[in-house]
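See structure below.
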Amino acid sequence: MFYRKSIRQRRVKKVRLSFGDFLGGVNARADKNLLSFRYSPLAYNFATPSGALTHTKGIGELVIGQKLIQPIPGESIGKLYFYKRYDPGLKAYDDKLLAYCVSKKLYYLDIEGEESEFKPLEGISFERAPVCINYRLHGDDVIIMCSEYDGMAVWDGKNPPYKVENAPKISTMCVHYERLFATVDGEKSAVWFSDDLDPTNWDISLDEAGYIEIIDEKGALQKVLKFLDYVYIFRSYGISRLTAYAEQTEFSVINLFVSSGKIFPETVTVCGDRIIFLAEDGLFSSDGISTARIAEGIFPLLEGNDNKGASSAYFNGCYYLACRADFGEQGEEGNNALLEYDVRKGRATLIRAKGITSLSVISTESVNLLAMSVEGRPAMLVGEGSFFGEPLEKYWQTPQFDFSAPGAMKVLRNVFLYTDTDIELGVVSDLGSKKVRVSGGEGERRVAVNLKGRTFRLEFACRSAHARISKVTAVCDVLEG
(Lines give C-alpha, C1' and ligand atoms only; values in the text may rest on other atoms or scores of the structure.)
Protein backbone atom coordinates (compact mmCIF):
# COMPACT_ATOMS: atom_id res chain seq x y z
CA MET A 1 0.00 0.00 0.00
CA PHE A 2 1.28 3.43 -0.92
CA TYR A 3 0.67 6.59 1.14
CA ARG A 4 0.80 10.05 -0.37
CA LYS A 5 3.21 12.34 1.48
CA SER A 6 1.95 15.93 1.70
CA ILE A 7 4.53 18.71 1.55
CA ARG A 8 3.61 21.88 3.39
CA GLN A 9 4.48 24.89 1.31
CA ARG A 10 5.31 28.25 2.89
CA ARG A 11 3.09 31.08 1.83
CA VAL A 12 4.72 34.13 0.30
CA LYS A 13 3.38 37.61 0.89
CA LYS A 14 4.66 40.48 -1.23
CA VAL A 15 5.20 43.76 0.63
CA ARG A 16 6.09 47.19 -0.76
CA LEU A 17 7.74 49.83 1.41
CA SER A 18 7.93 53.47 0.29
CA PHE A 19 10.62 55.67 1.84
CA GLY A 20 8.92 59.00 1.05
CA ASP A 21 11.10 62.10 1.43
CA PHE A 22 14.42 62.56 3.23
CA LEU A 23 13.68 65.99 4.71
CA GLY A 24 14.72 65.01 8.23
CA GLY A 25 18.45 64.92 7.49
CA VAL A 26 20.91 63.31 9.91
CA ASN A 27 19.77 62.06 13.31
CA ALA A 28 22.56 60.17 15.04
CA ARG A 29 20.98 60.57 18.48
CA ALA A 30 17.83 58.46 18.13
CA ASP A 31 17.97 54.66 18.06
CA LYS A 32 18.38 53.52 14.45
CA ASN A 33 15.56 50.99 14.90
CA LEU A 34 13.12 53.78 15.85
CA LEU A 35 14.00 56.40 13.24
CA SER A 36 11.54 57.35 10.53
CA PHE A 37 12.76 57.03 6.95
CA ARG A 38 13.06 60.82 6.70
CA TYR A 39 16.24 60.57 8.77
CA SER A 40 19.64 58.96 8.47
CA PRO A 41 21.79 57.78 11.40
CA LEU A 42 24.89 58.52 9.29
CA ALA A 43 25.20 60.67 6.18
CA TYR A 44 27.58 63.17 4.62
CA ASN A 45 27.85 65.25 1.44
CA PHE A 46 24.11 64.77 0.81
CA ALA A 47 21.63 67.63 1.32
CA THR A 48 17.85 67.25 1.53
CA PRO A 49 16.19 70.68 1.10
CA SER A 50 13.68 69.40 -1.49
CA GLY A 51 13.13 65.98 0.11
CA ALA A 52 15.34 64.25 -2.46
CA LEU A 53 18.98 63.36 -1.79
CA THR A 54 20.99 66.07 -3.54
CA HIS A 55 24.59 67.24 -3.39
CA THR A 56 25.82 69.61 -0.72
CA LYS A 57 28.09 72.52 -1.43
CA GLY A 58 31.77 71.79 -1.97
CA ILE A 59 35.23 73.31 -1.78
CA GLY A 60 37.18 74.73 -4.70
CA GLU A 61 40.02 77.06 -5.61
CA LEU A 62 39.67 80.64 -4.42
CA VAL A 63 38.41 82.86 -7.22
CA ILE A 64 37.88 86.57 -6.52
CA GLY A 65 36.10 88.24 -9.39
CA GLN A 66 37.96 86.89 -12.41
CA LYS A 67 41.18 86.16 -10.49
CA LEU A 68 42.24 82.64 -9.59
CA ILE A 69 44.20 83.15 -6.37
CA GLN A 70 47.48 81.27 -6.37
CA PRO A 71 48.92 79.29 -3.44
CA ILE A 72 51.95 80.88 -1.79
CA PRO A 73 55.06 79.09 -3.11
CA GLY A 74 56.84 77.14 -0.38
CA GLU A 75 54.28 78.14 2.25
CA SER A 76 51.33 76.51 4.00
CA ILE A 77 48.51 78.88 4.93
CA GLY A 78 47.11 78.38 8.42
CA LYS A 79 44.63 81.25 8.61
CA LEU A 80 43.03 83.92 6.40
CA TYR A 81 41.83 87.41 7.43
CA PHE A 82 39.73 89.98 5.54
CA TYR A 83 40.92 93.58 5.85
CA LYS A 84 38.30 96.10 4.70
CA ARG A 85 40.05 99.36 3.82
CA TYR A 86 38.93 102.59 2.22
CA ASP A 87 41.63 104.67 0.54
CA PRO A 88 40.65 108.37 0.78
CA GLY A 89 43.30 109.31 -1.76
CA LEU A 90 41.89 106.97 -4.39
CA LYS A 91 38.32 107.56 -3.15
CA ALA A 92 37.80 103.84 -3.51
CA TYR A 93 38.01 100.64 -1.49
CA ASP A 94 41.39 98.93 -1.32
CA ASP A 95 40.40 95.74 0.49
CA LYS A 96 43.00 93.10 1.27
CA LEU A 97 43.21 89.44 2.23
CA LEU A 98 45.88 88.51 4.78
CA ALA A 99 47.35 85.03 5.17
CA TYR A 100 49.21 83.72 8.20
CA CYS A 101 51.48 80.81 7.30
CA VAL A 102 53.01 77.93 9.21
CA SER A 103 56.39 79.64 8.69
CA LYS A 104 55.06 82.38 11.05
CA LYS A 105 55.13 84.93 8.22
CA LEU A 106 52.28 87.14 7.04
CA TYR A 107 51.31 87.76 3.42
CA TYR A 108 48.68 89.98 1.82
CA LEU A 109 46.68 90.11 -1.41
CA ASP A 110 45.11 93.21 -2.98
CA ILE A 111 41.53 92.09 -3.58
CA GLU A 112 40.59 94.93 -5.91
CA GLY A 113 43.78 94.80 -7.98
CA GLU A 114 44.62 92.60 -10.95
CA GLU A 115 47.35 90.56 -9.28
CA SER A 116 46.43 87.08 -8.06
CA GLU A 117 49.49 86.36 -5.93
CA PHE A 118 50.14 87.06 -2.26
CA LYS A 119 52.98 89.40 -1.30
CA PRO A 120 55.01 89.22 1.91
CA LEU A 121 54.07 91.70 4.63
CA GLU A 122 57.50 92.90 5.61
CA GLY A 123 58.57 93.96 9.07
CA ILE A 124 56.25 91.74 11.09
CA SER A 125 55.92 88.09 12.08
CA PHE A 126 53.95 86.20 14.71
CA GLU A 127 55.00 83.11 16.62
CA ARG A 128 51.32 82.14 16.86
CA ALA A 129 48.37 82.87 14.59
CA PRO A 130 47.11 86.35 15.48
CA VAL A 131 43.55 87.53 15.96
CA CYS A 132 42.71 90.46 13.71
CA ILE A 133 40.12 93.22 13.73
CA ASN A 134 39.30 96.19 11.49
CA TYR A 135 39.31 99.63 13.11
CA ARG A 136 39.19 103.26 12.00
CA LEU A 137 42.14 104.86 13.78
CA HIS A 138 42.74 108.61 13.41
CA GLY A 139 40.66 108.63 10.21
CA ASP A 140 42.40 105.64 8.58
CA ASP A 141 41.08 102.09 8.19
CA VAL A 142 43.66 99.86 9.87
CA ILE A 143 43.87 96.22 10.79
CA ILE A 144 44.93 95.45 14.36
CA MET A 145 46.80 92.17 14.79
CA CYS A 146 47.35 90.59 18.22
CA SER A 147 48.49 87.35 19.77
CA GLU A 148 48.88 86.32 23.39
CA TYR A 149 52.53 85.56 22.64
CA ASP A 150 53.61 88.43 20.38
CA GLY A 151 51.58 91.44 21.48
CA MET A 152 49.88 93.99 19.20
CA ALA A 153 50.74 95.35 15.76
CA VAL A 154 48.87 97.83 13.56
CA TRP A 155 48.94 98.10 9.76
CA ASP A 156 47.35 100.85 7.70
CA GLY A 157 47.65 99.04 4.36
CA LYS A 158 50.39 101.33 3.02
CA ASN A 159 53.21 101.82 5.51
CA PRO A 160 55.10 99.09 7.37
CA PRO A 161 53.21 97.70 10.40
CA TYR A 162 54.23 98.96 13.80
CA LYS A 163 54.11 97.40 17.26
CA VAL A 164 52.20 98.81 20.22
CA GLU A 165 54.63 98.27 23.05
CA ASN A 166 52.37 98.87 26.06
CA ALA A 167 49.47 96.73 24.83
CA PRO A 168 48.65 93.55 26.78
CA LYS A 169 49.13 90.13 25.20
CA ILE A 170 45.66 89.85 23.63
CA SER A 171 44.05 86.51 22.77
CA THR A 172 40.61 87.75 21.56
CA MET A 173 39.11 91.21 21.05
CA CYS A 174 36.12 93.20 19.87
CA VAL A 175 35.22 96.87 19.35
CA HIS A 176 32.46 98.38 21.51
CA TYR A 177 31.73 102.11 21.66
CA GLU A 178 35.14 102.85 20.10
CA ARG A 179 37.02 100.98 22.80
CA LEU A 180 38.85 97.72 22.25
CA PHE A 181 37.75 95.04 24.73
CA ALA A 182 40.00 92.00 25.04
CA THR A 183 40.90 88.81 26.82
CA VAL A 184 44.60 88.45 27.54
CA ASP A 185 47.27 85.87 28.19
CA GLY A 186 48.00 84.71 31.72
CA GLU A 187 45.39 84.07 34.38
CA LYS A 188 42.53 84.91 31.97
CA SER A 189 40.34 86.27 34.72
CA ALA A 190 39.97 89.86 33.49
CA VAL A 191 38.50 91.74 30.54
CA TRP A 192 40.81 94.55 29.47
CA PHE A 193 39.67 97.66 27.63
CA SER A 194 41.61 100.35 25.80
CA ASP A 195 41.26 104.10 25.95
CA ASP A 196 38.16 105.54 24.32
CA LEU A 197 38.79 106.16 20.58
CA ASP A 198 42.34 104.84 20.80
CA PRO A 199 42.94 101.05 20.90
CA THR A 200 46.69 101.64 21.04
CA ASN A 201 46.51 103.40 24.44
CA TRP A 202 46.55 100.91 27.31
CA ASP A 203 47.64 103.26 30.12
CA ILE A 204 45.49 102.26 33.08
CA SER A 205 43.55 105.11 34.68
CA LEU A 206 39.96 106.18 35.32
CA ASP A 207 40.07 108.27 32.15
CA GLU A 208 41.91 105.89 29.80
CA ALA A 209 42.36 102.10 29.77
CA GLY A 210 41.58 99.55 32.45
CA TYR A 211 40.34 96.07 33.22
CA ILE A 212 37.49 94.26 34.96
CA GLU A 213 38.32 91.14 36.95
CA ILE A 214 35.82 88.28 36.91
CA ILE A 215 36.53 85.31 39.12
CA ASP A 216 33.98 82.54 39.65
CA GLU A 217 33.26 78.89 38.83
CA LYS A 218 32.68 79.48 35.09
CA GLY A 219 36.42 79.33 34.42
CA ALA A 220 38.83 81.26 32.24
CA LEU A 221 37.74 84.07 29.95
CA GLN A 222 38.08 82.63 26.44
CA LYS A 223 36.50 85.13 24.04
CA VAL A 224 34.79 88.51 23.86
CA LEU A 225 32.48 89.80 21.14
CA LYS A 226 30.04 92.66 20.63
CA PHE A 227 26.37 91.72 20.32
CA LEU A 228 23.15 93.69 20.89
CA ASP A 229 24.90 96.72 22.40
CA TYR A 230 26.76 94.63 24.97
CA VAL A 231 30.09 92.82 25.25
CA TYR A 232 29.54 89.09 25.68
CA ILE A 233 32.25 87.17 27.50
CA PHE A 234 32.56 83.48 26.73
CA ARG A 235 34.15 81.58 29.56
CA SER A 236 35.35 77.98 29.69
CA TYR A 237 31.97 76.92 31.09
CA GLY A 238 29.56 79.79 30.65
CA ILE A 239 28.59 83.20 29.29
CA SER A 240 28.70 86.59 31.02
CA ARG A 241 27.47 89.94 29.74
CA LEU A 242 29.29 93.24 30.20
CA THR A 243 27.42 96.54 30.08
CA ALA A 244 29.89 99.27 29.10
CA TYR A 245 28.38 102.49 27.75
CA ALA A 246 30.25 105.54 29.03
CA GLU A 247 32.15 105.99 32.28
CA GLN A 248 34.29 103.13 33.55
CA THR A 249 32.66 103.40 36.97
CA GLU A 250 29.34 102.39 35.41
CA PHE A 251 30.61 99.17 33.78
CA SER A 252 28.80 96.07 35.12
CA VAL A 253 28.81 92.29 34.55
CA ILE A 254 26.03 89.68 34.90
CA ASN A 255 26.14 85.93 34.32
CA LEU A 256 23.76 84.42 31.75
CA PHE A 257 24.54 80.77 31.06
CA VAL A 258 26.38 77.85 32.61
CA SER A 259 27.61 74.96 30.45
CA SER A 260 28.46 71.47 31.66
CA GLY A 261 30.86 71.06 28.72
CA LYS A 262 33.79 73.26 27.81
CA ILE A 263 33.12 75.92 25.16
CA PHE A 264 35.36 76.00 22.09
CA PRO A 265 36.10 79.75 21.70
CA GLU A 266 36.97 79.69 17.99
CA THR A 267 33.43 78.45 17.23
CA VAL A 268 31.65 81.44 18.81
CA THR A 269 30.10 83.52 16.02
CA VAL A 270 27.42 86.20 15.75
CA CYS A 271 24.78 84.97 13.27
CA GLY A 272 22.37 87.84 12.72
CA ASP A 273 20.12 88.01 15.78
CA ARG A 274 21.86 85.24 17.71
CA ILE A 275 25.21 83.78 18.71
CA ILE A 276 26.03 80.17 17.81
CA PHE A 277 28.83 78.15 19.38
CA LEU A 278 30.07 74.61 19.95
CA ALA A 279 30.73 73.14 23.38
CA GLU A 280 31.70 69.66 24.50
CA ASP A 281 28.07 68.93 25.36
CA GLY A 282 26.29 70.40 22.34
CA LEU A 283 25.85 72.99 19.63
CA PHE A 284 24.11 76.05 21.09
CA SER A 285 22.25 79.17 20.00
CA SER A 286 21.87 82.24 22.24
CA ASP A 287 19.64 85.26 21.69
CA GLY A 288 21.64 87.23 24.24
CA ILE A 289 19.44 86.21 27.16
CA SER A 290 18.56 82.53 26.86
CA THR A 291 20.61 79.70 25.35
CA ALA A 292 19.31 76.48 23.79
CA ARG A 293 20.70 73.43 22.00
CA ILE A 294 20.40 73.19 18.22
CA ALA A 295 21.16 70.50 15.63
CA GLU A 296 20.82 67.84 18.33
CA GLY A 297 20.50 65.03 15.80
CA ILE A 298 23.85 65.73 14.16
CA PHE A 299 25.81 66.58 17.32
CA PRO A 300 26.62 62.95 18.31
CA LEU A 301 28.89 62.81 15.24
CA LEU A 302 30.88 65.72 16.75
CA GLU A 303 30.67 64.65 20.39
CA GLY A 304 33.85 63.35 21.99
CA ASN A 305 36.10 64.67 19.22
CA ASP A 306 38.95 67.11 19.79
CA ASN A 307 37.58 70.35 18.33
CA LYS A 308 40.14 72.76 19.73
CA GLY A 309 41.15 73.50 16.14
CA ALA A 310 37.59 74.23 14.98
CA SER A 311 36.80 77.45 13.11
CA SER A 312 33.48 79.14 12.30
CA ALA A 313 31.88 81.88 10.19
CA TYR A 314 28.43 83.24 9.34
CA PHE A 315 27.75 83.45 5.62
CA ASN A 316 24.55 83.88 3.58
CA GLY A 317 22.25 82.95 6.46
CA CYS A 318 24.20 79.87 7.49
CA TYR A 319 26.57 79.08 10.34
CA TYR A 320 29.61 77.21 9.04
CA LEU A 321 31.80 75.17 11.34
CA ALA A 322 35.06 73.55 10.25
CA CYS A 323 35.39 70.76 12.77
CA ARG A 324 36.20 67.15 13.50
CA ALA A 325 33.43 64.55 13.17
CA ASP A 326 33.30 60.80 13.72
CA PHE A 327 32.61 59.00 10.44
CA GLY A 328 33.57 55.60 11.83
CA GLU A 329 37.06 55.57 10.35
CA GLN A 330 40.34 55.50 12.26
CA GLY A 331 43.57 57.32 11.47
CA GLU A 332 42.16 60.70 10.41
CA GLU A 333 43.76 63.76 12.01
CA GLY A 334 42.64 67.36 12.27
CA ASN A 335 39.42 68.84 10.93
CA ASN A 336 37.60 66.51 8.56
CA ALA A 337 34.18 68.13 8.15
CA LEU A 338 32.36 71.37 7.41
CA LEU A 339 29.00 71.70 9.17
CA GLU A 340 26.42 73.93 7.49
CA TYR A 341 23.56 75.06 9.72
CA ASP A 342 20.75 77.08 8.12
CA VAL A 343 19.85 79.53 10.88
CA ARG A 344 16.32 80.28 9.65
CA LYS A 345 15.28 76.75 8.73
CA GLY A 346 17.16 75.01 11.54
CA ARG A 347 18.54 72.40 9.12
CA ALA A 348 22.09 71.00 9.42
CA THR A 349 24.18 69.09 6.87
CA LEU A 350 27.70 67.72 6.97
CA ILE A 351 30.27 68.17 4.22
CA ARG A 352 33.03 65.63 4.66
CA ALA A 353 36.26 67.32 3.63
CA LYS A 354 39.62 67.28 5.36
CA GLY A 355 42.19 69.96 6.08
CA ILE A 356 40.06 73.09 6.66
CA THR A 357 41.94 75.25 9.17
CA SER A 358 40.15 78.61 8.96
CA LEU A 359 37.05 80.34 7.58
CA SER A 360 36.81 84.00 6.58
CA VAL A 361 34.00 85.93 4.87
CA ILE A 362 35.09 88.28 2.08
CA SER A 363 32.43 90.91 1.45
CA THR A 364 33.19 93.82 -0.86
CA GLU A 365 31.18 95.95 -3.28
CA SER A 366 31.66 93.30 -5.98
CA VAL A 367 32.42 90.04 -4.12
CA ASN A 368 30.66 88.01 -1.44
CA LEU A 369 32.19 84.62 -0.66
CA LEU A 370 33.35 82.30 2.10
CA ALA A 371 37.12 81.91 1.88
CA MET A 372 39.05 79.23 3.73
CA SER A 373 42.47 77.73 4.10
CA VAL A 374 42.43 74.06 3.13
CA GLU A 375 45.50 71.83 3.34
CA GLY A 376 47.64 74.97 3.32
CA ARG A 377 46.18 76.60 0.21
CA PRO A 378 43.53 79.30 -0.38
CA ALA A 379 40.06 77.95 -1.13
CA MET A 380 36.37 78.87 -1.07
CA LEU A 381 32.91 77.42 -0.70
CA VAL A 382 31.47 76.40 -4.10
CA GLY A 383 28.02 75.34 -5.29
CA GLU A 384 28.78 71.83 -6.50
CA GLY A 385 29.64 68.83 -4.34
CA SER A 386 33.32 68.57 -5.21
CA PHE A 387 36.73 69.02 -3.58
CA PHE A 388 39.07 71.03 -5.84
CA GLY A 389 37.33 69.63 -8.90
CA GLU A 390 37.13 66.02 -7.69
CA PRO A 391 33.63 64.80 -6.76
CA LEU A 392 33.06 64.37 -3.02
CA GLU A 393 31.92 60.89 -2.09
CA LYS A 394 28.33 61.15 -0.92
CA TYR A 395 26.79 58.67 1.53
CA TRP A 396 23.35 58.15 3.05
CA GLN A 397 22.33 55.29 5.30
CA THR A 398 18.67 54.52 6.01
CA PRO A 399 17.35 53.38 9.38
CA GLN A 400 16.91 49.65 9.90
CA PHE A 401 13.54 48.20 8.80
CA ASP A 402 11.70 44.86 8.79
CA PHE A 403 8.72 45.50 6.44
CA SER A 404 6.41 45.47 9.50
CA ALA A 405 6.95 41.75 9.86
CA PRO A 406 9.31 41.35 12.85
CA GLY A 407 11.02 37.99 13.11
CA ALA A 408 9.76 36.71 9.76
CA MET A 409 12.22 35.56 7.11
CA LYS A 410 12.17 37.71 4.00
CA VAL A 411 13.80 38.11 0.62
CA LEU A 412 14.29 41.69 -0.50
CA ARG A 413 13.66 41.30 -4.22
CA ASN A 414 13.87 44.78 -5.77
CA VAL A 415 14.48 48.42 -5.05
CA PHE A 416 12.85 51.04 -7.27
CA LEU A 417 14.19 54.61 -7.38
CA TYR A 418 14.91 57.66 -9.48
CA THR A 419 18.50 58.92 -9.84
CA ASP A 420 20.00 61.52 -12.15
CA THR A 421 23.55 60.17 -11.82
CA ASP A 422 25.27 56.82 -11.41
CA ILE A 423 25.17 55.55 -7.83
CA GLU A 424 25.98 52.45 -5.83
CA LEU A 425 23.11 50.90 -3.87
CA GLY A 426 24.09 48.88 -0.84
CA VAL A 427 21.66 46.55 0.93
CA VAL A 428 22.61 45.15 4.33
CA SER A 429 20.62 42.51 6.21
CA ASP A 430 21.23 40.51 9.37
CA LEU A 431 22.30 37.61 7.12
CA GLY A 432 24.47 39.32 4.52
CA SER A 433 25.00 42.32 2.25
CA LYS A 434 25.04 43.23 -1.43
CA LYS A 435 26.15 46.20 -3.55
CA VAL A 436 24.70 47.02 -6.96
CA ARG A 437 25.71 49.67 -9.49
CA VAL A 438 22.79 51.76 -10.71
CA SER A 439 22.99 53.88 -13.86
CA GLY A 440 21.49 57.37 -13.69
CA GLY A 441 19.13 58.90 -16.17
CA GLU A 442 15.49 59.60 -16.93
CA GLY A 443 12.75 57.38 -15.55
CA GLU A 444 12.42 54.90 -12.72
CA ARG A 445 15.22 52.39 -12.09
CA ARG A 446 14.52 48.83 -10.99
CA VAL A 447 17.38 47.25 -9.05
CA ALA A 448 17.33 43.47 -8.53
CA VAL A 449 18.66 42.57 -5.07
CA ASN A 450 17.40 39.12 -3.95
CA LEU A 451 18.91 39.26 -0.46
CA LYS A 452 17.57 37.16 2.42
CA GLY A 453 17.21 38.45 5.98
CA ARG A 454 14.90 39.54 8.76
CA THR A 455 16.02 43.18 9.00
CA PHE A 456 17.50 45.43 6.34
CA ARG A 457 18.95 48.85 5.67
CA LEU A 458 19.81 50.65 2.42
CA GLU A 459 22.96 52.65 1.68
CA PHE A 460 23.30 55.15 -1.15
CA ALA A 461 26.79 56.12 -2.34
CA CYS A 462 27.46 58.58 -5.15
CA ARG A 463 30.77 59.76 -6.60
CA SER A 464 29.43 62.49 -8.90
CA ALA A 465 29.65 66.21 -8.16
CA HIS A 466 25.90 66.52 -8.65
CA ALA A 467 23.26 64.11 -7.36
CA ARG A 468 19.52 63.63 -7.07
CA ILE A 469 17.94 60.46 -5.67
CA SER A 470 14.22 60.24 -4.91
CA LYS A 471 11.07 58.12 -4.71
CA VAL A 472 12.72 55.03 -3.25
CA THR A 473 10.60 51.87 -2.82
CA ALA A 474 11.70 48.45 -1.59
CA VAL A 475 9.77 45.26 -2.45
CA CYS A 476 10.20 42.02 -0.56
CA ASP A 477 8.71 38.55 -0.21
CA VAL A 478 7.73 37.73 3.37
CA LEU A 479 7.87 33.97 3.97
CA GLU A 480 4.92 33.00 6.17
CA GLY A 481 4.25 29.75 7.96
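Numbering of residues begins at 1 and proceeds along the displayed sequence.
Side-chain atoms of Thr200 never come within 3.5 Å of backbone atoms of Val164 as a donor-acceptor pair (strictly under, hydrogens ignored). For Tyr149 (side chain) and Pro130 (main-chain N/O), no donor-acceptor pair under 3.5 Å exists by modelled atom type. With Ser386 contributing its side chain and Ala465 its backbone, the two residues share no donor-acceptor pair below 3.5 Å. Judged by distance alone, the side chain of Asp195 and the main-chain N or O of Ala209 form no donor-acceptor pair under 3.5 Å. Judged by distance alone, with hydrogens and angles left aside, the side-chain atoms of Asp326 form a donor-acceptor pair with the main-chain N or O of Gly328 at under 3.5 Å. In this structure a side-chain-to-backbone donor-acceptor pair under 3.5 Å is present from Asn45 to Glu393. Counting only distance, with no hydrogens or angles, the side chain of Thr357 and the backbone of Gly78 share a donor-acceptor pair below 3.5 Å. Of the possible polar contacts, one joining the Gln70 side chain to the Leu68 backbone as a donor-acceptor pair under 3.5 Å is found. Side-chain atoms of Ser171 come within 3.5 Å of backbone atoms of Thr183 as a donor-acceptor pair (strictly under, hydrogens ignored). Remark: the backbone N or O of Leu359 is paired with a side-chain donor or acceptor of Ser311 at under 3.5 angstrom.
Between Phe19 and Phe37, the angle of the ring planes lies from 30° to 60°, which puts this pair in the tilted group. Between Tyr177 and Tyr245, the angle of the ring planes goes over 60°, which puts this pair in the perpendicular group of the 30/60° scheme. Note: Tyr86 and Tyr93 have perpendicular aromatic rings, judged against thresholds of 30 and 60 degrees for the angle between ring planes. Between Phe251 and Phe181, the ring planes lie tilted relative to each other; the angle falls in the 30° to 60° range.
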Report task. Apply side-chain hydrogen bond (donor to acceptor under 3.5 Å, both in side chains) to the pair Asn166 and Asp203, showing each step before the final yes or no. Result -> CA-CA 8 Å; Asn166 72 332; Asp203 295 331; 3.1 Å; yes
Query raised in the report: Where do Ser312 and Thr267 land on the side-chain hydrogen bond (donor to acceptor under 3.5 Å, both in side chains) test, with the steps shown first?
Result: CA-CA 5 Å; Ser312 63; Thr267 71; 5.5 Å; no
**Report entry** Stepwise side chain to side chain contact (heavy atoms under 4.5 Å, CB included) test for Asn307 and Glu266
**Finding:** CA-CA 9 Å; Asn307 272 302; Glu266 292 300 314; over 6 Å; no
Requested in this report: Go through the steps for Ser40 and Tyr395 under the test side chain to side chain contact (heavy atoms under 4.5 Å, CB included), then give the verdict.
Outcome: CA-CA 10 Å; Ser40 169; Tyr395 177 81; over 6 Å; no
Report task. Let me see the working for Thr364 and Ile64 under side chain to side chain contact (heavy atoms under 4.5 Å, CB included), right down to the final yes or no. Result -> CA-CA 10 Å; Thr364 72; Ile64 300 178; over 6 Å; no
Requested in this report: Let me see the working for Phe460 and Leu425 under side chain to side chain contact (heavy atoms under 4.5 Å, CB included), right down to the final yes or no.
Outcome: CA-CA 5 Å; Phe460 303 100; Leu425 172 67; 3.6 Å; yes
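The number of heavy-atom neighbours closer than 6.0 Å to NZ of Lys67, taken from other residues, nucleotides and ligands shown, is above 12. The local environment of CD in Glu61 is sparse, with at most 12 non-hydrogen atoms from other residues, nucleotides or ligands closer than 6.0 Å. Applying the 6.0 Å contact sphere to NZ of Lys105 captures no more than 12 heavy atoms from other residues, nucleotides or ligands. Within 6.0 Å of CZ on Arg445 lie more than 12 heavy atoms contributed by other residues, nucleotides or ligands. In the displayed structure, Lys226 atom NZ is contacted under 6.0 Å by more than 12 heavy atoms of other residues, nucleotides or ligands. In Glu127, the CD atom is crowded: over 12 heavy atoms of neighbouring residues, nucleotides or ligands sit closer than 6.0 Å. Crowding of Glu424 atom CD: a count of heavy atoms from other residues, nucleotides or ligands under 6.0 Å exceeding 12.
Closest approach of Gly385 and His55 over heavy atoms only: N-CD2, 3.8 Å. The two residues Gly151 and Phe126 have their closest heavy-atom pair at O-CE2, 3.9 Å. Shown here for Lys218 and Arg235, the closest heavy-atom pair between the two residues is O-CB, 3.4 Å. The two residues Lys84 and Asn134 have their closest heavy-atom pair at N-OD1, 3.1 Å. Here the shortest heavy-atom pairing between Glu280 and Phe299 reads O-CZ, 3.3 Å. The two residues Ser464 and Lys394 come nearest to each other via the heavy atoms O-NZ, 2.6 Å.
Using a 4.5 Å cut-off on side-chain heavy atoms (C-beta onward), Val224 and Leu242 make no contact. A heavy-atom distance below 4.5 Å is not found between the side chains of Leu228 and Asp287. No side-chain heavy atom of Asp110 sits under 4.5 Å from any side-chain heavy atom of Glu115. Leu381 has its side chain within reach of Leu338: a pair of non-hydrogen atoms, C-beta onward, lies under 4.5 Å apart. Side-chain contact check for Arg377 versus Phe388: some heavy-atom pair is nearer than 4.5 Å. The closest side-chain heavy-atom distance from Leu97 to Tyr107 is not below 4.5 Å. Residues Gln222 and Lys262 are in side-chain contact: their nearest non-hydrogen atoms beyond the backbone lie under 4.5 Å apart. Contact annotation: the side chain of Arg38 approaches that of Asp21 to within less than 4.5 Å [non-hydrogen atoms, C-beta and beyond].
The only option from Asp141, Asp94, Asp140 that meets the side-chain hydrogen bond (donor to acceptor under 3.5 Å, both in side chains) definition with Arg85 turns out to be Asp94. Between Phe82 and the options Leu98, Val361, Ile111, a side chain to side chain contact (heavy atoms under 4.5 Å, CB included) holds for only Ile111. No option in Val268, Val343, Thr269 other than Val343 meets the side chain to side chain contact (heavy atoms under 4.5 Å, CB included) test with Ile276. Checked options Phe227, Phe277, Phe264; the residue passing with Phe234 is Phe277 (criterion: ring pair (Phe, Tyr, Trp, His ring centres under 6.0 Å)). The one candidate from Leu221, Val253, Val231, Val191 that meets the side chain to side chain contact (heavy atoms under 4.5 Å, CB included) condition with Ser240 is Val253.
Taking CD of Glu296 as the start and CZ of Arg29 as the end, the distance is 6.0 Å to the nearest 0.5 Å. Atoms CG and CG, on Leu278 and Leu339 in that order, are 9.0 Å from each other to the nearest 0.5 Å. Separating the CD1 atom in Ile124 from the NZ atom in Lys163 is a distance of 5.5 Å, to the nearest 0.5 Å.
Ring pair Tyr319/Tyr341: centre-to-centre distance not below 6.0 Å. Aromatic rings of Phe257 and Phe284 (six-membered ring for Trp) have centroids within the 6.0 Å cut-off, being under it.
No salt bridge links Glu148 with Lys169; every basic N to acidic carboxylate O contact stays at or beyond 4.0 Å. With salt bridges taken as basic N to acidic carboxylate O contacts below 4.0 Å, one links Asp281 and Arg293.
Cation-pi contact between Arg179 and Phe193: absent, since separation from the ring centre below 6.0 Å together with deviation from the ring axis within 45° is not met.
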